[in-house]
Novice: 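Here it is, the structure, as structure tokens.
Because only heavy atoms are used, hydrogens play no part in the values below, and waters and symmetry mates are left out as well, while side chains stay in. Per chain, numbering begins at 1; letters A, B, ... match sequence-line order.
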Amino acid sequence: MTPSTRRLVVIVALLGTAGFVVWGLTGLPPFGGYRGPYGFRINAIAVAQTHATGVVSAVNFFYRGFDTVGEEYILFIAATGVATVLRRLRGESEAGTDPQELDVPPTSEAVRMFTLGLLGFVFVMGWYLASHAQTSPAGGFQGGVVSVSAVLMIYLAGQYLRSRRLSPIDLLDALEAAGAGGFAAVGIGTLAAGAAYLADVLPLGNHLGAVNSSGTIVLISLLVGVEVTAAFLVIASELLEQTLLVGGER
Amino acid sequence: MSLLASAASPPAPPYALHLLQASLLVLTLVGATAVVLTRQPVRQVVTLSIYGLVLALLFLSYQAPDVSLSELTIGAVLLPLLLLLTLAKLKNSAK
Amino acid sequence: MSHPGAPSDVLLPLVVVVPLLVAAGVSALNPLLKPHHRLLDAIAITTSGAVTTLLVLILVRTSGGQQLYWFAGVRPHHGIALGVDFAVGSLNAGLAALAGLLVTASMVFSWRYFEQVSTWFHALMLMFLAGMVGFCLTGDLFDLFVWFEVMGVAAYALTAYRSEEKGPLQGALNFAITNSVAAYLSLMGIALVYARTGALNMAQIGHALAGRPADGLVIVAFVLILIGLLTKSAIVPFHFWLADAHAVAPTPVCVLFSGVMVELGLYGVARVYWSIFGDALGHRGSVTAVFMALGVLTALVGAVFAFRQRHLKRLLAFSTVSHAGLFLMGLAVLSPLGLAGSAAYVIGHGLVKAALFLCAGIVLHRLGTIDETELHGRGRELKLTGAVFTLAALGLADLPPFATYLGAGWVGNTASSHGMAYVTPVVMLSSIIVGGAVLRAAGGIFFGLGDPPLEDERRREESREETSETEAGQGRTPLTMLVPAAVLVVAAIGVGLVPGIGAAIEHAAMQLEDQAGYVATVLHGAHVVHPITPMAPEPTVPRLIDVASALGTVAGSVLVALAALYRRRLPVLAGYRRSEVTGFVANSLQSGVVNDYVTWMMVGLVALGGALAFSIH
């Protein structure tokens, strides 16, 4: 198709699709009118059953924890895929890039001061979120992405080579695999304990809202935090290496 | 945040919240259109980042702080960063 | 009724979790394992072999009723399911076992195939397997989507695996973009259904929707969910990505794409229809008409495009498109025998198509090219490979006793007994064209039959994306490459010969089509031994006429192949030259431009949605 024919066809098809989908949307419940029963039932039993006051986390890491295993693996596969493709493009499936070949652009003093000053806070914030899935609407995913942005601040401060030394790519790969595999392995643990896969077998604690309440939920949340942090760092650092490589394509 | 708090107590009519939600929905539409219509790649990434921010606020106004937090970091920071890195690489190779 | 944690149940989560864990394990130990390729191969082969064995064990158990597993031990309460379940009947267990078998075969094949394979290949293959198995076994709509995505992302990464070249990246991008757009549409459909029913469990959704006549929301949700599945199963006009992806993906990966991934999409259509929308939609005639139209279109378009190809992998890819159309036609009848016919067809086709791709891989490994014209007569020395390839090609053309002939016969029979007499001719015609195309390739490459190619044919710009996948010009064919192909062909014959296979497959189909039984099993723990379906079962024992028409298909394929090979000597065809008009049309359809593919997808959505909306509503 030539671009102009395509545009014409797409416009007609999209108008048709829009009409069709809007017809479906008219069957939705009125705005804000939730009909249940999933939410009603969860709200009725989740807190008592799991001792987690962050009910969304209870759904993500307990009631539908198996879905979350799959989702973690989607991220893991995506990061693995990006790494495979980019490492092959650089022609270095075996050896890493020599730091001498990387050209890290300098940043201003002000940016460096600001980012390095914020760094610690952001990092702590990330792991606070990851470790409080049971008592807040946050969890491992949110915590993970926040702590990734902390690491990216190091790059922003012009200290990429230093962070590269602190977290070599092999370590990130291993951490990423450990996070995803660890989550799946928690289920093997619960099977070994005689319960169902990913059942909540750890003690629930006596205090609602305490960090050590809600059994496996917090453990899983932390593992998800590790997985998400490592996966995004793998993707980001592969792209960084690709971009910073002196002389472009090899 | 006070708007959200007032929405939690049923007797108070949540007009303010509805107004906020409605304006965020309009902003979402405008933002999405702007992203599609921006032709210059680097500008498009910036528009996309702002659009991510709008979405994060929208989710927050619908009482989904967890989704909002993810959207804030992914949509407004990480995704634009990855795209910018790719664009930088393309510019390097073109040289 | 089964209990969570009871030993019989543990197999269900394990078949997904074990490959996931091994994949994570080998990735974490990457630096240690890198120097030990053989160890890595052995781990991966053992894992997929073990998963396959467990799946066969599960398959055996399902003959006495569906197997259930509730994750986290969260069981439904008064018909409300909060957790995720695996609900496994014979059909989905069998399909998952086929996936396991093909992954194992491709891993064995890869043993000597790649000059160098990193840990990632093994990890990605195992996660791809886990995704396929999870997709087959799950009883939860959102979980279905999750494993659909696991499978998809792994498939994109595997397609791009040989990314030193430009081709693989382009093919993988087309694949990823089209399938992601389709997956978003599916997710939108799932959201619509959730807004209506507040449920994600398929049995519960089906039960909640069945109460009242289908309105716009139900029809739109059905169509949107279908788009993702039909795209994965390469149904025209959602099929364009398939040939591009197959042309560039490594051969062991093509085996899985054609042999089972495409078919999983159609399993998804069957699962979603019979577990969720069947009772709610009603109007079975309309559903049949729409699916049948898509199936016939796909079967014929795929066949014609296959026949036009000289690139062996693309040829085989389009033959998969054509067969996907045939499977959809069987499913479209909505009868137990129709679904059983598709299932038998899928098994037979999966095994022979995998063998064909493996042989194509051997050709590439030994001779360094995959272009039929260039290869003319050069495969004479590959006697065993040629024999396996030819046998598999005959199996693809429905030669009895390959399982494919059972499938073709059942699909035709059930369609004619429901007033669709045109189905048998369409099945035969497309099988003849596809079989003819593959046999033409076999005759030319391995036996040097036919007129040698003209010089200008040799220089056609047929894609050469595929050169450095393996070190070309190897002296001999390793046994690890030939044996899997031979075993798969033998298995395809064996399945067709198993006594009582017809009744067993039809029973499996009835288990899947029994929506009330499914709801009772999943939500209330009932034990359904004798499934009841809206349409009655029909006899499966092949009659003489079925065998005769299958043999007719084979004879037709051979004739077509010979005619194509010797066309310059045939007075009728001597003056024939490739028509420029059809070439132009074909090339502008299969343009390689992803924008076009997505455009066609939207056109397909409107057509499919419009047809269902007007006929049901």
Novice: Just wondering, do C/Tyr194 and A/Tyr38 contact through their side chains at under 4.5 Å, heavy atoms?
Specialist: yes
Novice: Quick check: do C/Asp215 and A/Thr26 have side-chain heavy atoms less than 4.5 Å from each other?
Specialist: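 C/Asp215 vs A/Thr26: side chains apart.
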Novice: Rounded to the nearest 0.5 Å, how far apart are CG of A/Leu25 and CE of C/Met188?
Specialist: 6.5 Å
Novice: Mind running side-chain contact (heavy atoms from CB on, under 4.5 Å) on A/Asp173 and C/Trp120 for me, showing each step along the way?
Specialist: CA-CA 11 Å; A/Asp173 284 348; C/Trp120 307 119; 3.6 Å; yes
Novice: Which atoms of C/Val74 are under 4.5 Å from chain A, going by heavy atoms: the side chain, the backbone, both sets, or neither?
Specialist: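 When you check distances to chain A, only side chain atoms of C/Val74 fall under 4.5 Å.
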Novice: Where does A/Leu175 contact chain C at under 4.5 Å (heavy atoms): side chain, backbone, both or neither?
Specialist: neither
Novice: Tell me, for C/Val593 versus chain A, whether the close heavy atoms (under 4.5 Å) come from the side chain, the backbone, both or neither.
Specialist: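 Interface part for C/Val593: side chain.
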Novice: Does the side chain of A/Phe76 come within less than 4.5 Å of C/Ser27's, by heavy atoms?
Specialist: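 Yes, side chains in contact.
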Novice: From A/Asp67 CG over to C/Thr138 OG1, what is the distance, rounded to the nearest 0.5 angstrom?
Specialist: 7.5 Å
Novice: If you count heavy-atom pairs under 4.5 Å with chain A, which of C/Ser591, C/Ala613, C/Ala199 comes out on top?
Specialist: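 Result: the option with the highest number of such pairs is C/Ala613.
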Novice: If you round to the nearest 0.5 Å, how far is NE2 of C/His77 from CD1 of A/Ile45?
Specialist: 7.5 Å
Novice: Which atoms of C/Thr599 come close to chain A, meaning under 4.5 Å heavy atom to heavy atom: side chain ones, backbone ones, both, or neither?
Specialist: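 For C/Thr599, the contact with chain A is made by backbone and side chain together.
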Novice: Could you please spell out the steps behind the side-chain contact (heavy atoms from CB on, under 4.5 Å) verdict for A/Leu191 and C/Val17?
Specialist: CA-CA 12 Å; A/Leu191 282 179; C/Val17 174; over 6 Å; no
Novice: With C/Ala28, which residues qualify under side chain to side chain contact (heavy atoms under 4.5 Å, CB included), at least two apart?
Specialist: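 Result, side chain to side chain contact (heavy atoms under 4.5 Å, CB included) vs C/Ala28: A/Ala177.
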Novice: Find the one option among A/Ala83, A/Gly182, A/Ala178, A/Gly70 whose heavy-atom pairs under 4.5 Å with chain C are most numerous.
Specialist: A/Gly70
Novice: Could you state the interatomic distance from CZ (C/Phe128) to CD1 (A/Ile77), rounded to the nearest 0.5 Å?
Specialist: 10.0 Å
Novice: Report yes if the side chains of C/Phe71 and A/Leu198 come closer than 4.5 Å at any heavy-atom pair, otherwise no.
Specialist: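 No, every pair of side-chain atoms sits at 4.5 Å or beyond.
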Novice: Non-hydrogen atoms of chain C under 4.5 Å away: do they reach the side chain of A/Phe40, the backbone, both or neither?
Specialist: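 It is neither, since no heavy atom gets under 4.5 Å.
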Novice: Name all residues meeting the ring-ring contact (aromatic ring centres under 6.0 Å, His included) criterion together with C/Phe135; count only those two or more places apart in sequence or in a different chain, and write none if there are none.
Specialist: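 For C/Phe135 the ring-ring contact (aromatic ring centres under 6.0 Å, His included) partners, ignoring immediate neighbours, are C/Phe148.
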Novice: For A/Gly181 versus C/Ala24, what's the shortest heavy-atom pair and its separation?
Specialist: CA-CB, 3.6 Å
Novice: Find out whether A/Tyr73 and C/Leu20 are in side-chain contact, i.e. whether some heavy atom of one side chain is under 4.5 Å from a heavy atom of the other.
Specialist: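 Side chain of A/Tyr73 against side chain of C/Leu20, heavy atoms only: contact under 4.5 Å found.
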Novice: Are side-chain heavy atoms of C/Val606 and A/Phe20 found at a separation under 4.5 Å?
Specialist: no
Novice: With a sphere of 6.0 Å drawn around NE2 of C/His207, does it hold more than 12 non-hydrogen atoms of other residues, nucleotides or ligands?
Specialist: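 No, because the 6.0 Å sphere around NE2 of C/His207 holds 12 heavy atoms or fewer from other groups.
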Novice: Evaluate C/Asp140 against A/Phe66 for side-chain contact (heavy atoms from CB on, under 4.5 Å), listing each step before the verdict.
Specialist: CA-CA 11 Å; C/Asp140 185 282; A/Phe66 188 61; over 6 Å; no
Novice: Please examine the side chains of A/Ile188 and C/Leu14, heavy atoms only from C-beta on, and report whether any two atoms are closer than 4.5 Å.
Specialist: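 Of all side-chain heavy-atom pairs linking A/Ile188 with C/Leu14, at least one is under 4.5 Å.
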Novice: Between chain A and each of C/Gly216, C/Gly189, C/Gly610, count heavy-atom pairs under 4.5 Å; write down the option with the most.
Specialist: C/Gly216
Novice: Counting heavy-atom pairs under 4.5 Å with chain A, which one of C/Val218, C/Leu29, C/Ile80 comes out on top?
Specialist: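 Most heavy-atom pairs within the cutoff with chain A belong to C/Ile80.
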Novice: I'd like to know whether C/Asp596 forms a side-chain contact (heavy atoms from CB on, under 4.5 Å) with A/Arg6, so could you lay out the CA-CA distance, the side-chain angles of the two residues, the decisive distance to 0.1 Å, and finally the verdict.
Specialist: CA-CA 7 Å; C/Asp596 287 355; A/Arg6 190 194 305 134; 2.7 Å; yes
Novice: With a 4.5 angstrom heavy-atom cut-off, which part of A/Pro37 approaches chain C: side chain, backbone, both or neither?
Specialist: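 Contact with chain C involves both backbone and side-chain atoms of A/Pro37.
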Novice: Counting heavy-atom pairs closer than 4.5 Å to chain A, which one of C/Asn595, C/Ile219, C/Leu124 comes out on top?
Specialist: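 So the answer, after comparing C/Asn595, C/Ile219, C/Leu124, is C/Asn595.
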Novice: Name the option with the most non-hydrogen atom pairs under 4.5 Å to chain C; the candidates are A/Ala13, A/Pro3, A/Ala185, A/Gly81.
Specialist: A/Ala13
Novice: Using 4.0 Å as the upper bound for N to carboxylate O, is an ion pair formed by C/Asp143 and A/Arg64?
Specialist: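 Salt bridge: no.
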Novice: Out of curiosity, A/Thr17 OG1 to C/Met601 CE, how far, rounded to the nearest 0.5 Å?
Specialist: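 Taking OG1 in A/Thr17 and CE in C/Met601, the distance rounds to 11.5 Å.
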Novice: Taking side chain as everything from C-beta outward and backbone as N, CA, C, O, which of these in C/Leu82 sits under 4.5 Å from a heavy atom of chain A? Side chain, backbone, both or neither.
Specialist: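 Contact with chain A is through both the backbone and side chain of C/Leu82.
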Novice: Sort C/Leu200 into side chain, backbone, both or neither according to what part of it lies under 4.5 angstrom from a heavy atom of chain A.
Specialist: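 Side chain of C/Leu200 only, per the 4.5 Å heavy-atom cut-off to chain A.
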Novice: Between A/Ile74 and C/Val150, which heavy-atom pair has the shortest distance, and what is it?
Specialist: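 Heavy-atom minimum between the residues: CG1-CG2, 3.5 Å.
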Novice: What distance do A/Arg41 atom CZ and C/His78 atom NE2 have between them, rounded to the nearest 0.5 Å?
Specialist: 7.5 Å
Novice: If you count heavy-atom pairs under 4.5 Å with chain A, which of C/Gly83, C/Ala130, C/Gly198 comes out on top?
Specialist: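 Option with the top pair count is C/Gly198.
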Novice: C/Pro13, C/Gly609, C/Ala157: which one forms the most heavy-atom pairs within less than 4.5 Å of chain A?
Specialist: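 Option with the top pair count is C/Gly609.
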Novice: Does any backbone or side-chain atom of C/Ala81 lie under 4.5 Å from a heavy atom of chain A? Answer side chain, backbone, both or neither.
Specialist: backbone
Novice: Measuring heavy-atom distances to chain A, does C/Val22 have an atom under 4.5 Å in its side chain, in its backbone, in both, or in neither?
Specialist: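 Neither part.
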Novice: Can any side-chain N or O of C/Arg196 pair as donor or acceptor with the backbone N or O of A/Leu28 at less than 3.5 Å?
Specialist: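 Checked: no pair found.
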Novice: Can you find a heavy atom in the side chain of A/Val69 that is under 4.5 Å from one in the side chain of C/Val16?
Specialist: no
Novice: Is A/Asp170 in contact with chain C via its backbone, its side chain, both, or neither, using a 4.5 Å heavy-atom distance?
Specialist: side chain
Novice: Is it the side chain or the backbone of A/Leu15 that comes within 4.5 Å of chain C heavy atoms, both, or neither?
Specialist: neither
